[in-house]
Amino acid sequence: MTSSLPQDALALLKRLGVSDALFASKGLPARSPISGETVATLAETSPAEAVAAIGRAHAAFLAWRKVPAPRRGEFVRLLGEELRAAKADLGLLVTLEAGKVTSEGLGEVQEMIDICDFAVGLSRQLYGLTIATERPNHRMMETWHPLGVCGVISAFNFPVAVWSWNAALAFVCGDSVVWKPSEKTPLTGIAVQAIVERTMKRFGPEAPVGLSEILIGGREIGDILVSDHRVPVVSATGSTKMGKEVGQKLASRFARAILELGGNNAAIVAPSADLDIALRGIAFAAMGTAGQRCTTLRRLIVHESVYDALIPKLIKVYAGVKIGDPREAGILVGPLVDEAAFKGMQAALAEAKAAGGTVHGGERVEVGSGGFYVRPALVEMPSQTGPVARETFAPILYVMKYKTLDEAIAIQNDVGAGLSSSIFTLDMREAETFISAEGSDCGIANVNIGPSGAEIGGAFGGEKETGGGREAGSDAWKAYMRRATNTLNYGTTLPLAQGVSFDVDA
């Protein structure tokens, strides 16, 4: 690629409708991991501006909650149309700013489109319940109401999809949204905001000013969002350390937390596994997005009877996978996000060697465009020790042997995180055991696919140090609404529940 990354980025932003007023000579530098160079500088949101943005969002909520839910769904339908029209440009911007290969950048925008489709249908299905009551001439029911301003703090590795999982549902539920994108990927943030503003103009005056706000900056701006009493729910994606701090601050003011945190994900390869499917599933889950997904496969637990048949083939795949500029055809592994990620990977590999591991790959690969490119590492480990027990956000796959399924499940579950997991087996008993209460303790448990690559139809999230939050499909919409139990007396007497008698003279 000979074109200038800064020129390419600015051309994309212009086509996506981003205003020149958002750029500044001094401010937050937006860097591309493809080359490591700064491609633009954005004006940062000041603390006062952040408070004002939250105020606008709160005022917008007070108006938006009155708009009927199906009409709110129409707004999200129009947003999906705008995203479809912008898919090619926004997907390429994801590639430039996050380093994802082209198909993954486009796939992330497709996730945004998919969640919009899901949310449009949901806008006519925000169902409550009618509940049997013990009192005659009474009706008891549940109703669901808009909650308020929804705060979103997203991570660099999914710079636009995570926002959409929250925003599409929040919008149809009657909430406004304030988003602080990762300081490593602010360009995709302002591009999405431009798309939302274009959608608001198409929708008309029912979409109030402040329905969608964006805050550009670092941790201090995120703290303002987390601490503001006008924000009753915050969805935060990032490290477990970050999640603990955010969760405690939200709990101190009784706000809701939707936490999507670390994932030290494992896959088990059983004796009956289809090894070809396992090989392909492992390769994508472990090396896709250069190992920088929260659902990346980081631990592989292989039965001793198939270890020698699988691992040499996997080592060969690791040695031959194409690494380079993610915009080029055929490239499967792009760059790490920055130098800190590279150093973290090398430190983990050194620790693994010291713990008795045999490392295949892991070295830096020189690419003409610069940036921090590495060959994914496969590390054969004697046991789950040292760095194996924690998440390193890089393409490192630790491989261990097991003898019994109970042993394999115990190894898988014996880490702090509990996001995603999988087993490769053709044995029905093993598959059912794995997804039963005795099996995986993760929020996602798959059979004959890897732990990575979730669809928006299912609620996404995990247990333990992953935070317990759920986003996207299923009944995740309930996190963005408040529930009220209503009892209506349409009779001429006042019977009390539980047979209580309280008669007074009128």
Side-chain angles (χ1 to χ4, degrees), residues 16-17 64-65 67-94 100 102-127 144 146-147 150 152 154 158-177 179 181 188-189 191-204 206-207 211-212 233 235 237 258 260 293 295 443-444 449 452-461 469-481:
L16 289 164
W64 188 239
R65 66 182 177 176
V67 177
R71 180 68 179 148
R72 300 193 298 251
E74 171 63 10
F75 172 75
V76 175
R77 188 190 70 80
L78 293 176
L79 175 59
E81 282 189 356
E82 292 292 337
L83 289 169
R84 282 179 170 87
K87 180 178 176 179
D89 283 340
L90 187 56
L92 182 53
L93 187 61
V94 170
K100 292 188 174 186
T102 301
S103 66
E104 289 192 46
L106 293 171
E108 183 165 351
V109 182
Q110 187 61 49
E111 277 195 63
M112 303 176 78
I113 295 167
D114 292 345
I115 195 64
C116 285
D117 288 349
F118 180 92
V120 171
L122 179 65
S123 68
R124 294 180 182 270
Q125 299 177 75
L126 300 174
Y127 298 139
W144 291 86
L147 183 61
C150 173
V152 179
S154 59
F158 277 86
V160 292
V162 169
W163 171 84
S164 70
W165 298 347
N166 290 278
L169 297 194
F171 288 146
V172 299
C173 288
D175 302 335
S176 56
V177 177
W179 178 24
T188 46
V192 169
Q193 178 65 13
I195 292 170
V196 176
E197 290 174 358
R198 192 155 58 245
T199 305
M200 291 171 66
K201 289 181 180 178
R202 285 184 62 188
F203 187 72
E206 284 178 295
L211 181 60
S212 175
V233 57
S235 171
T237 302
I258 303 172
E260 301 288 356
R293 289 186 178 218
T295 54
I444 299 169
I449 65 171
S452 194
E455 298 180 38
I456 59 90
F460 180 87
R470 293 296 186 276
E471 293 171 332
S474 185
D475 65 347
W477 62 271
K478 294 180 179 179
Y480 306 91
M481 303 195 82

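Here the structure is a predicted model, which is why all the values come from computation and not from measurement.
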Which atom of P146 lies closest to which atom of G174, heavy atoms considered: CB-O, 3.5 Å

W163 side chain reached by V196 side chain, heavy atoms, under 4.5 Å: yes

A191 versus L90, closest heavy-atom pair with distance: CB-CD1, 4.1 Å

Check the orientation of F75 and W64. Use parallel for under 30°, tilted for 30 to 60°, and perpendicular for over 60°. perpendicular

Minimum side-chain heavy-atom gap L169-L122 below 4.5 Å: yes

Can you check side-chain contact (heavy atoms from CB on, under 4.5 Å) on S212 and E197, steps first, answer last? CA-CA 8 Å; S212 175; E197 290 174 358; over 6 Å; no

Tabulate below the donor-acceptor pairs under 3.5 Å that side-chain atoms of residues 472-479 make, not counting sequence neighbours, or state none.
none

Taking atom CD of E108 and atom OG of S164, what is their separation to the nearest 0.5 Å? 8.0 Å

Can you check whether E104 reaches R293 side chain to side chain, under 4.5 Å on heavy atoms? yes

Side-chain donor-acceptor contact under 3.5 Å, S235 with E260: no

Which value, rounded to the nearest 0.5 Å, describes the distance between I195 atom CD1 and M200 atom CE? 14.0 Å

Could you pull out the closest heavy-atom pair between P159 and S154, with the gap in Å? O-OG, 4.3 Å

Considering non-hydrogen atoms only, spot the tightest contact between T295 and S452 and give its length. OG1-OG, 2.9 Å

Under a 3.5 Å distance rule, please check whether R198 uses its side chain to pair with a backbone N or O of L16 as donor and acceptor. yes

Side chain to side chain, W144 and L126, heavy atoms closer than 4.5 Å: no

Pair F203, R72 - check side-chain contact (heavy atoms from CB on, under 4.5 Å), show working. CA-CA 10 Å; F203 187 72; R72 300 193 298 251; over 6 Å; no

Quick check: does any side chain N or O of E471 sit under 3.5 Å from a backbone N or O of F460, one acting as donor and the other as acceptor? no

Nearest 0.5 Å, what's the CD1-CD1 distance between I456 and I113? 11.5 Å

Determine, step by step, whether L93 and V160 satisfy the side-chain contact (heavy atoms from CB on, under 4.5 Å) criterion, reporting the C-alpha distance in whole Å, the side-chain angles of both residues, the deciding distance to 0.1 Å, and the verdict. CA-CA 10 Å; L93 187 61; V160 292; over 6 Å; no

Taking all non-hydrogen atoms of both residues into account, name the closest pair between G469 and I258 and its distance. CA-CG2, 4.2 Å

Is the shortest distance from a Lys or Arg side-chain nitrogen in R77 or E81 to a carboxylate oxygen in the other one below 4.0 Å? yes

Can you establish whether the number of heavy atoms outside R202 located under 6.0 Å from its atom CZ is more than 12? yes

side-chain contact (heavy atoms from CB on, under 4.5 Å) between S123 and V76, intermediate numbers included: CA-CA 9 Å; S123 68; V76 175; over 6 Å; no

Quick one: pull up CG in L211 and CG in D175 and give me the separation to the nearest 0.5 Å. 9.5 Å

Could you pull out the closest heavy-atom pair between G73 and V120, with the gap in Å? O-CG2, 3.5 Å

